[in-house]
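This structure is a prediction, so every number in the text was calculated from the model and none was measured.
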Amino acid sequence: MNNVRLALYHRDHEAGLGAFTLPEEQHKFTALPFEVIQNALERKERHPIVILGDEEPVGFFILDAGEDRSEYSDNPNALLLRAFSIDHRHQGQGYATQSLLGLKEFVKQHFPTADEVVLAVNMRNAAARHVYLKAGFRDEGRTRIGPAGPQHILVLGIS
């Protein structure tokens, strides 16, 4: 497994993130980095995070501390994980699982008041749900209707 780490977004990551692609069956469930990064950079409560493999961008997501998280959790110290993607060229190499396994420590270091990460995964996206559960997220049985249909709400405790 290549050296995997999480990093706060920096302009140096822009070119690598701009080259991301996703197959259409995945793109209907998540956004490409270039589709959401500008909005995230304009909102102080949204934090773009880059997944690096050997210091090259291989994945991306946003940690959101804004009001949207109340749709997923009653916890005022929760962070909402959104727009998680792994570049198509790097899928199947363990980057998603490795990055999510490092999420607790990353959150403790950069967001010390957060004690939970929540996310919604489409019920038709079984592969993504499996990766989240494998990385320690819990399915507590809560659901919601998202833009592409019903979603499971998953929770990762940070302690």
Side-chain angles (χ1 to χ4, degrees), residues 1 4-9 17 20 22-33 35-37 39-41 43-53 57-88 90-159:
M1 178 75 236
V4 178
R5 74 179 183 92
L6 299 176
L8 296 169
Y9 169 81
L17 293 173
F20 272 36
L22 289 173
E24 186 53 42
E25 66 269 13
Q26 293 174 15
H27 193 220
K28 65 186 171 193
F29 297 129
T30 192
L32 286 161
E35 295 171 325
V36 293
I37 200 157
N39 179 270
L41 292 172
R43 298 174 68 177
K44 67 178 180 354
E45 72 275 9
R46 291 194 180 179
H47 307 277
I49 311 298
V50 181
I51 302 166
L52 299 170
V58 297
F60 177 83
F61 60 93
I62 292 171
L63 288 175
D64 187 348
E67 291 306 309
D68 289 354
R69 64 194 164 149
S70 67
E71 296 176 34
Y72 304 84
S73 175
D74 294 332
N75 180 348
N77 299 317
L79 291 172
L80 173 61
L81 189 151
R82 55 193 327 155
F84 187 94
S85 67
I86 301 292
D87 181 26
H88 186 61
H90 298 287
Q91 291 181 7
Q93 299 172 39
Y95 289 116
T97 302
Q98 287 303 115
S99 64
L100 291 166
L101 287 170
L103 185 58
K104 279 187 187 185
E105 287 307 314
F106 183 82
V107 169
K108 284 181 197 176
Q109 181 181 354
H110 295 280
F111 306 93
T113 61
D115 59 15
E116 173 180 278
V117 175
V118 295
L119 62 83
V121 60
N122 191 286
M123 290 184 182
R124 292 178 293 146
N125 195 350
R129 182 173 181 272
H130 174 77
V131 170
Y132 292 128
L133 293 174
K134 185 173 157 185
F137 280 82
R138 296 183 320 276
D139 187 338
E140 298 175 343
R142 292 184 296 136
T143 60
R144 71 185 294 273
I145 300 300
Q151 299 174 317
H152 295 283
I153 295 175
L154 305 181
V155 179
L156 179 69
I158 307 293
S159 55

Response to the item:
Residues passing the side chain to side chain donor-acceptor pair (under 3.5 Å) test with H110, sequence neighbours excluded, are none
Worksheet item: Can you find a pair of side-chain heavy atoms, one from Q26 and one from N125, that are under 4.5 Å apart?
Response: no
Worksheet item: Hey, what's the ring geometry for F61 with F84, parallel, tilted or perpendicular (30° and 60° as the breaks)?
Response: parallel
Discussion item. Among residues at least two apart in sequence or on other chains, which ones pass salt bridge (charged side-chain N to carboxylate O under 4.0 Å, His left out) with D64?
Written reply: R46, R82
Let me check something: any side-chain donor-acceptor pairs from residues 150-159 under 3.5 Å, sequence neighbours excluded? List them with distances.
residue : atom : partner : partner atom : Å
Q151    : OE1  : R144    : NH1          : 2.7
H152    : ND1  : D139    : OD2          : 3.4

Item to complete: Would you please name every residue forming a side-chain contact (heavy atoms from CB on, under 4.5 Å) with V131, sequence neighbours left out?
Response: A96, T97, L100
Item to complete: Mind checking ring pair (Phe, Tyr, Trp, His ring centres under 6.0 Å) for H130 and listing every partner two or more places apart, or none if nothing turns up?
Response: none
Worksheet item: What heavy-atom pair brings F60 and I51 nearest, and what distance separates the two atoms?
Response: N-CD1, 3.8 Å
Item to complete: Only pairs at least two apart or in different chains count here, so list each salt bridge (charged side-chain N to carboxylate O under 4.0 Å, His left out) that has a residue in residues 149-159.
Response: none
Worksheet, complete the sentence: All heavy atoms of L22 vs all of S85, minimum pair found to be CD1-CB, 4.1 Å
Discussion item. Under the rule for side-chain contact (heavy atoms from CB on, under 4.5 Å), what residues qualify as partners of L41, not counting sequence neighbours?
Written reply: Y9, I37, Q38, P48
Practice prompt. Not counting sequence neighbours, which residues clear salt bridge (charged side-chain N to carboxylate O under 4.0 Å, His left out) with E35? List them please.
Written response: none
Side-chain donor-acceptor pairs of residues 113-124 under 3.5 Å, sequence neighbours excluded:
residue : atom : partner : partner atom : Å
D115    : OD1  : N75     : ND2          : 2.6
E116    : OE2  : S73     : OG           : 2.7
N122    : OD1  : R124    : N            : 2.7
N122    : ND2  : A148    : O            : 2.9
R124    : NH2  : A148    : O            : 2.7

Fill in: Where at least one partner belongs to residues 90-108, residue pairs that pass salt bridge (charged side-chain N to carboxylate O under 4.0 Å, His left out), sequence neighbours excluded
E105-K108
Practice prompt. Please name all residues satisfying ring pair (Phe, Tyr, Trp, His ring centres under 6.0 Å) with F137, sequence neighbours left out, ordered by chain then number.
Written response: Y132
Worksheet item: For H88, does the NE2 atom sit with more than 12 other heavy atoms under 6.0 Å from it, leaving out its own atoms?
Response: no
Discussion item. For a quick test of reading the model, state the closest non-hydrogen atom pair linking V36 to A83 and the distance between them.
Written reply: CG2-CB, 4.1 Å
Response to the item:
Minimal heavy-atom distance between L52 and P57, with the atoms involved, is CD2-N, 3.6 Å
Worksheet item: Is the count of non-hydrogen atoms from other residues, nucleotides or ligands lying under 6.0 Å from E67 atom CD greater than 12?
Response: no
Discussion item. Measuring from atom CZ of F106 to atom CG of L63, what distance do you get when rounded to the nearest 0.5 angstrom?
Written reply: 7.0 Å
Worksheet, complete the sentence: Separation between CD (E45) and CD1 (I62), nearest 0.5 Å, reads 10.5 Å
Discussion item. I need the H90 NE2 to F20 CZ distance, nearest 0.5 Å.
Written reply: 7.0 Å
Fill in: Atom pair CD1/CG of I49 and L103 - distance to nearest 0.5 Å
8.5 Å
Worksheet item: Okay, side chain of R69, backbone of A65: is any donor-acceptor separation there less than 3.5 Å?
Response: yes
Worksheet entry | Qualifying salt bridge (charged side-chain N to carboxylate O under 4.0 Å, His left out) pairs with a residue from residues 147-159, counting only residues at least two apart or across chains | none
Worksheet item: Do R142 side-chain atoms and Y72 backbone N/O form a donor-acceptor pair below 3.5 Å?
Response: yes
